[in-house]
There are 2 protein chains.
Amino acid sequence: MQDMVAPNIKDCSDCPIRHRAVCARCEPDELELLEDIKYYRSFSAGQTVMWAGDRMDFVASVVSGVASLTQTMEDGRTQMVGLLLPSDFVGRPGRETAAYTVTATSELVMCCFRRKPFEQMIDTTPHIAHRLLEMTLDELDAAREWMLVLGRKTAREKIASLLSIIARRDAILSKNAERKSLAFDLPLTREAMSDYLGLTLETVSRQISALKKDGVIVLEGKRRILVPDMYRLIDEAGDDSDGGFLS
Amino acid sequence: MQDMVAPNIKDCSDCPIRHRAVCARCEPDELELLEDIKYYRSFSAGQTVMWAGDRMDFVASVVSGVASLTQTMEDGRTQMVGLLLPSDFVGRPGRETAAYTVTATSELVMCCFRRKPFEQMIDTTPHIAHRLLEMTLDELDAAREWMLVLGRKTAREKIASLLSIIARRDAILSKNAERKSLAFDLPLTREAMSDYLGLTLETVSRQISALKKDGVIVLEGKRRILVPDMYRLIDEAGDDSDGGFLS
DNA sequence: AACCATCCTTGATATGGATCAAAAGGCGGA
DNA sequence: TCCGCCTTTTGATCCATATCAAGGATGGTT
């Protein structure tokens, strides 16, 4: 259960935050400041990055792997409220303690920035604040998209929605976007999927079996998914929420 | 179906955005700039402020009344993804078209700011950008809270959660916070409540009746709710999501 | 190779909420 | 004041998903 420095990352060029959150318009001296306050941490599947209520001394960006944000009720019911894929950002500037539990659902490498100096950068560097606002608005849109899934979709549609999202993100990362058929590894256990979808793990398993029987997906082992026809899968998801794949 | 200028609002001092989003640390000349770009619109219950996909030339803040953000699937299933109470902000700087349909669920007055000049203010006035980021993060937290409600709570808990939220907001507005018992008007039809909670309107009605029968709430007419014991209601909601009431 | 701990699948049954249906308020307009 | 529309309540039945239960696959450890 020991964190370690990721051995294979040398500089900011591998760090998504450089491209997505902060650095697109950074001046060289700002980049240098970023270098000063950042460090890498890696986690193995199942490890908890932080518990809700923990003091949080950093904000971070996912370099590789997948993490989840979860909320748990006293009686143990838990709901995933965010899925962090590579290049996603986690942490709330200005907040001392974590509001959600963050868990690595697969091998995970995060690029962390010490919170206090990061907050100073936000205050002194307008385009960083601007970029952060954009990212937060994107996350808000994603959360609202997900509210439709949780509130109004059937179990089958929920599974198809989740697979679409992962497939799309995977395709973008591997530059395979707009390919009709594709394959990817599921970075979540059935239980994690059920926590995301507001279902039980048995229902998740059954619906995956059903989608397989109907030829919407093909399983290679338990975790690898082939999607023969991405448009079919998106259609099963019940709406255009994943229309972004088409663009 | 005609918008009109709200007759009873003369200056920014009645405008929530002044306090919540923009003006807390505004310089006099910034306030003047705000005055230049703002105007009021009012709507009656049921009126649609804008449809998803509409071109959006303004961002706005709710002055009084309640509005909802909704998403609808092709087959008509709809999910509310945001409830806008007085002082809440709506609109995404940098986006041309509305992502959600905005509807007045009661008499509604909004304070609108023309989008382009508002965006310029954001870019040139760091503390406005900062405040906007904070508000967006608050909304994101609220959305994630709601994901737990949608994904994991029972119908009864969902109703209690919604009533708690409205009660709390109402108490804050009328400076009645931390009172144990309180009363408020429901600004939503049963159908709107069902769209928020991912239920049918029949289930909403039945659960309200059940809470009434059990003495958790008292109904005066259909729309006015008395809560004899706020802590009881919060308890029925199933978790501490409304612990904010206690503070 | 045998063992163990997870993770996953499948079956049988139970149930909370949806659906279908009807009637009872409430409220504005003629 | 009465009518007609809209909202709400309540009842009967159905069904999608949860729950309970058992067994199978997988991968790591000794």
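Lettering of chains follows the sequences in order, A, B, ..., and the numbering in each one begins at 1.
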Whole-Å distance between D:dT8 P and B:L211 CG?
16 Å
Determine the contact category for A:T189: base if any of its heavy atoms lies under 4.0 Å from a base atom, sugar-phosphate if only primed atoms, P, OP1 or OP2 are that close, otherwise nothing.
sugar-phosphate
What is the separation between atom CZ on A:R77 and atom C1' on D:dT19, rounded to the nearest whole Å?
14 Å
Identify, with sequence neighbours excluded, every residue that meets salt bridge (Lys or Arg N to Asp or Glu O under 4.0 Å) alongside B:D141.
A:R92, A:R95
Axis-to-axis angle between the two ends of the helix from C:dA1-D:dT30 to C:dA30-D:dT1 (five base pairs per end, rounded to 10 degrees):
30°
Contacts of B:D185 that satisfy side chain to side chain donor-acceptor pair (under 3.5 Å) - sequence neighbours left out:
B:R224
Donor-acceptor list for residues 189-198 of chain A side chains, cut-off 3.5 Å, not counting sequence neighbours:
from   : atom 1 : to     : atom 2 : distance (Å)
A:T189 : OG1    : A:E191 : N      : 3.3
A:T189 : OG1    : A:A192 : N      : 3.0
A:R190 : NH2    : A:K222 : O      : 3.0
A:S194 : OG     : A:E191 : O      : 2.6
A:D195 : OD1    : A:T78  : OG1    : 3.4
A:D195 : OD1    : B:R152 : NH2    : 3.3
A:D195 : OD2    : A:T78  : OG1    : 3.2

Per the salt bridge (charged side-chain N to carboxylate O under 4.0 Å, His left out) rule, what does the pair list look like for residues 199-219 of chain B, sequence neighbours excluded?
B:R156-B:D214
B:L199 atom CG is separated from C:dT19 atom P, nearest whole Å, by 11 Å
Any pair with a residue in residues 53-72 of chain A that passes salt bridge (charged side-chain N to carboxylate O under 4.0 Å, His left out), sequence neighbours left out, goes on the list, sorted by first then second residue, please.
A:R55-A:D57, A:R55-A:E96
Atom-pair distance (CD on B:E220; P on C:dG26), nearest Å:
13 Å
side-chain contact (heavy atoms from CB on, under 4.5 Å) against B:E157, all qualifying residues, sequence neighbours excluded:
A:M73, A:R77, B:K153, B:T154
Could I get the full list of side chain to side chain donor-acceptor pair (under 3.5 Å) partners for B:T203, not counting sequence neighbours?
B:T200
What residue pairs, at least two apart or across chains, pass ring pair (Phe, Tyr, Trp, His ring centres under 6.0 Å) with a residue in residues 55-86 of chain B?
none
Protein-nucleotides 9-11 of chain D N/O pairs closer than 3.5 Å?
from   : atom 1 : to     : atom 2 : distance (Å)
D:dT9  : OP1    : B:R190 : NH2    : 3.2
D:dT9  : OP2    : B:R190 : NE     : 2.7
D:dT9  : OP2    : B:S205 : OG     : 2.7
D:dT9  : O5'    : B:S205 : OG     : 3.1
D:dT10 : OP2    : B:S209 : OG     : 2.8
D:dG11 : N7     : B:R206 : NH1    : 2.8
D:dG11 : O6     : B:R206 : NH2    : 3.0

All N/O contacts under 3.5 Å from nucleotides 28-30 of chain C to the protein, with atom names and distances to one decimal?
none

Among all residues two or more places apart in sequence or in another chain, which pass the salt bridge (Lys or Arg N to Asp or Glu O under 4.0 Å) test with A:D235?
none
Are any of the side-chain nitrogens in B:E236 or B:K158 under 4.0 Å away from the carboxylate oxygens of its partner?
no
Look at all strands and tell whether A:R223 reaches a base, only sugar-phosphate, or nothing, counting heavy atoms closer than 4.0 Å.
sugar-phosphate
